[in-house]
Amino acid sequence: MAEPLTKSQQQLRGMQVRDMSIEELKDWIVACDRMEVWVKPNKVRRSWKDAREEAEAELFRRLGG
């Protein structure tokens with residue numbers, strides 16, 4: 001089964017959160033949600049959860065939170 005990411009989300013892999021645009025951050029948050037559910041090992045799920053939390057914090061910071 002292929003991973004559930006769109007092409008735009010796949011292109012964000014490996015990119016630093018601080019270098020993403022606001023739209024890319026939103027797309028990355030969705031990607032992290034999808035991957036957290038899709039992967040099996042706990043360690044990998046945690047890494048996607050952590051990546052999502054980092055992106056959410058960056059988005060919050062940029063939007064004046």
Side-chain angles (χ1 to χ4, degrees):
M1 183 163 120
E3 60 181 50
L5 299 181
T6 64
K7 288 185 188 237
S8 65
Q9 291 168 335
Q10 289 175 359
Q11 291 174 339
L12 296 173
R13 291 183 90 164
M15 201 172 165
Q16 296 294 321
V17 169
R18 67 178 175 267
D19 296 332
M20 292 181 188
S21 69
I22 289 177
E23 288 307 312
E24 287 173 330
L25 283 168
K26 291 177 182 178
D27 200 21
W28 186 238
I29 291 167
V30 171
C32 292
D33 283 340
R34 287 182 182 166
M35 290 302 290
E36 185 180 354
V37 172
W38 188 74
V39 297
K40 299 293 182 219
N42 287 337
K43 184 177 181 180
V44 179
R45 275 201 308 271
R46 276 192 305 274
S47 69
W48 282 107
K49 179 179 174 266
D50 292 345
R52 183 189 69 238
E53 289 173 352
E54 180 185 5
E56 288 171 337
E58 179 68 17
L59 185 61
F60 185 74
R61 183 186 68 78
R62 288 194 199 174
L63 296 176

Across all chains, not counting sequence neighbours, the side-chain contact (heavy atoms from CB on, under 4.5 Å) partners of Glu56 are Ile29, Arg52, Glu53
**Asked** Is the backbone of Ser21 close enough, under 3.5 Å, to the side chain of Glu24 for a donor and an acceptor to pair up by distance?
**Response** yes
Salt bridge (Lys or Arg N to Asp or Glu O under 4.0 Å) pairs touching residues 12-22, sequence neighbours excluded, are Glu3-Arg13
Across all chains, not counting sequence neighbours, the side-chain contact (heavy atoms from CB on, under 4.5 Å) partners of Gln11 are none
Sorted by chain and residue number, the side-chain contact (heavy atoms from CB on, under 4.5 Å) partners of Arg34 (sequence neighbours excluded) come out as Pro4, Thr6, Gln9, Val30
dist Glu23:CD -> Leu59:CG (nearest 0.5 Å) comes out at 9.0 Å
One pair to check against side chain to side chain contact (heavy atoms under 4.5 Å, CB included): Arg62 and Leu25. What are the steps and the verdict?
CA-CA 10 Å; Arg62 288 194 199 174; Leu25 283 168; 3.8 Å; yes
**Prompt:** Taking the side chain as C-beta and beyond, is there a heavy-atom pair between Ile22 and Leu63 under 4.5 Å?
**Reply:** yes
For Leu5 and Ala31, the nearest pair of non-hydrogen atoms, with its separation, is CD2-CB, 3.5 Å
With sequence neighbours left out, the residues meeting side-chain contact (heavy atoms from CB on, under 4.5 Å) with Val39 are Met35, Val44, Arg45, Trp48
